[in-house]
There are 2 protein chains.
Amino acid sequence: MKTKIVPRISETEWEVMRAIWARHPASANEVIERLQEVDPTWHPKTAKTLLTRLVKKGALGFEMEGRSYVYRPLVAEADCVAVASTSFLDRVFGGSLQPMLAHFVASRRLTRRELDELKRLLEDDAQKGRKS
Amino acid sequence: MKTKIVPRISETEWEVMRAIWARHPASANEVIERLQEVDPTWHPKTAKTLLTRLVKKGALGFEMEGRSYVYRPLVAEADCVAVASTSFLDRVFGGSLQPMLAHFVASRRLTRRELDELKRLLEDDAQKGRKS
DNA sequence: CTTCATGGATTACAGATGTAAGCGTTACGC
DNA sequence: GCGTAACGCTTACATCTGTAATCCATGAAG
């Protein structure tokens, strides 16, 4: 499962990508609306600039639909998540998974439901695919 | 437990900070050595530039010791880790902890030891401090 | 037809980042 | 004493980022 090469996506660009991954294709205005739902300070012009940049980077594609563009992702969210996660893990925790997990578990109150869910994940992991 | 204000630390700067948090105070050359142990392509001049920038940002302090400087962190690693972690979580997982943990658990093979350790963490978390 | 609103294209611009090279001073080896 | 290696200080510079504003073409409204 080699990770595809994905363009580098900046902090702000991530917000735009997430808006599009959520539902696509999406017009610029749809994207802007979604962004503003989360953060009303988003300026339309700024969003447009980022869309253009993401196209240039190869992260997004677009087609004319009527009088305007609709955008769609050209890179899979899962791939970008994988790349960003590895980068974060290396950078902040020196690549050590366990301390990182410990940090997050300790830093947030998880609901009972989430704890159970997570433990289930660990159980599954422990059961199957264990080599050693 | 309010998080202190920490300067923004870039990707590359993190490597430098981690080298210093590991053991300090440390001279520029010590830092460079540590960096090169991990990645031999580190150029001394580049490292020096970053040290200077980190001082300017207020992330590092230094004192003259003999003929050269020794640097020490002015920001706690834990604080920087907390800030970077929250930022990452928001950016990549929209702030949802559980999917993020699921991703990491699924993406890496954890050792039996690590699994147990993690489950113990979850148990502790479940036991104490649960509000709802 | 003419005007205006709308959306894409182009331009702006400062600050952050990655990656160093060059300059100047000075303690140390000869 | 004198040249040289070491260090810190200053400068370089192309990109990337964040954040928009302006320009331009065209379809829609009147």
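Just so we're on the same page: letters track the sequence lines, and every chain starts at 1. No experiment lies behind these values; they were computed from the predicted model shown.
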statement: The answer to which of A:Thr52 and B:His43 contacts DNA chain C further toward the 5' end, by nearest nucleotide, is A:Thr52
message: OP1 or OP2 of D:dC9 versus the side-chain N and O atoms of B:Tyr69: is any pair under 4.0 Å?
response: yes
task: Could you tell me whether B:Lys57 contacts a base, only the sugar-phosphate backbone, or nothing, with contacts defined as non-hydrogen atoms closer than 4.0 Å?
output: sugar-phosphate
- request: May I ask you to decide whether B:Arg120 forms a salt bridge with B:Asp116, counting only side-chain N to carboxylate O separations under 4.0 Å?
  value: no
- prompt: What is the nucleic acid contact for B:Arg53, judged by heavy atoms within less than 4.0 Å: base, sugar-phosphate only, or nothing?
  reply: base
- request: Taking only Lys NZ, Arg NE, NH1 and NH2, and the carboxylate oxygens of Asp or Glu, determine whether B:Glu63 and B:Arg72 approach each other closer than 4.0 Å.
  value: yes
- prompt: Nearest-Å distance, CG (A:Leu54) to P (C:dA9)?
  reply: 15 Å
- line: Considering only heavy side-chain atoms of A:Arg67, the closest of C:dT6, D:dC7, D:dA20 is C:dT6
query: Thinking salt bridges, do A:Glu114 and A:Lys119 make one under a 4.0 Å N-O criterion?
result: no
query: Just how far, in rounded Å, is C1' of D:dG18 from CD of A:Glu15?
result: 11 Å
task: Taking only the side-chain nitrogens and oxygens of A:Lys48, find out if one of them lies under 4.0 Å from OP1 or OP2 of C:dG8.
output: yes
- line: In whole angstroms, the gap separating C1' of C:dT6 from CG of A:Leu51 amounts to 16 Å
task: Please state whether the rings of A:Phe93 and A:Phe88 are parallel, tilted or perpendicular, taking 30° and 60° as the class boundaries.
output: perpendicular
- prompt: Are a donor atom and an acceptor atom from the side chains of A:Thr41 and A:Asp39 found within less than 3.5 Å of each other?
  reply: yes
query: For the pair made of CE in A:Met17 and C1' in D:dG18, what is the distance, rounded to whole Å?
result: 18 Å
- prompt: Which nucleotide, C:dG7, D:dA20, C:dG18, lies nearest any side-chain atom of B:Glu11?
  reply: C:dG18
query: Checking all strands, does B:Thr49 fall into the base, sugar-phosphate, or nothing category for heavy-atom contacts under 4.0 angstrom?
result: base
field: Sub-4.5 Å side-chain heavy-atom contact between A:Val16 and A:Trp42
entry: yes
query: A:Ile32 has an atom CD1; how far is it from atom P of C:dT6, in whole Å?
result: 13 Å
- request: Could you state the atom-to-atom distance from CG of A:Leu50 to P of D:dA20 in whole Å?
  value: 10 Å
query: For B:Glu65 and D:dC7, what is the distance between atoms CD and P respectively, to the nearest whole Å?
result: 13 Å
message: On DNA chain C, compare the nucleotides closest to A:Val70 and B:Thr12; which residue's is nearer the 5' end?
response: A:Val70
- prompt: Looking at A:Asn29, does any N or O in its side chain come under 4.0 Å of the phosphate oxygens OP1/OP2 on C:dG7?
  reply: yes
- prompt: Considering only D:dG18, D:dC7, C:dT19, which nucleotide approaches the side chain of A:Ser10 most closely?
  reply: D:dG18
message: Using the side-chain heavy atoms of B:Thr46, tell me which of these nucleotides is nearest: C:dT17, C:dT19, D:dG18.
response: C:dT19
field: Atom pair distance, as rounded to whole Å: CG in B:Leu35 and P in C:dG18
entry: 13 Å
field: Pair of N/O donor and acceptor under 3.5 Å linking C:dG7 base with A:Lys45 side chain
entry: no
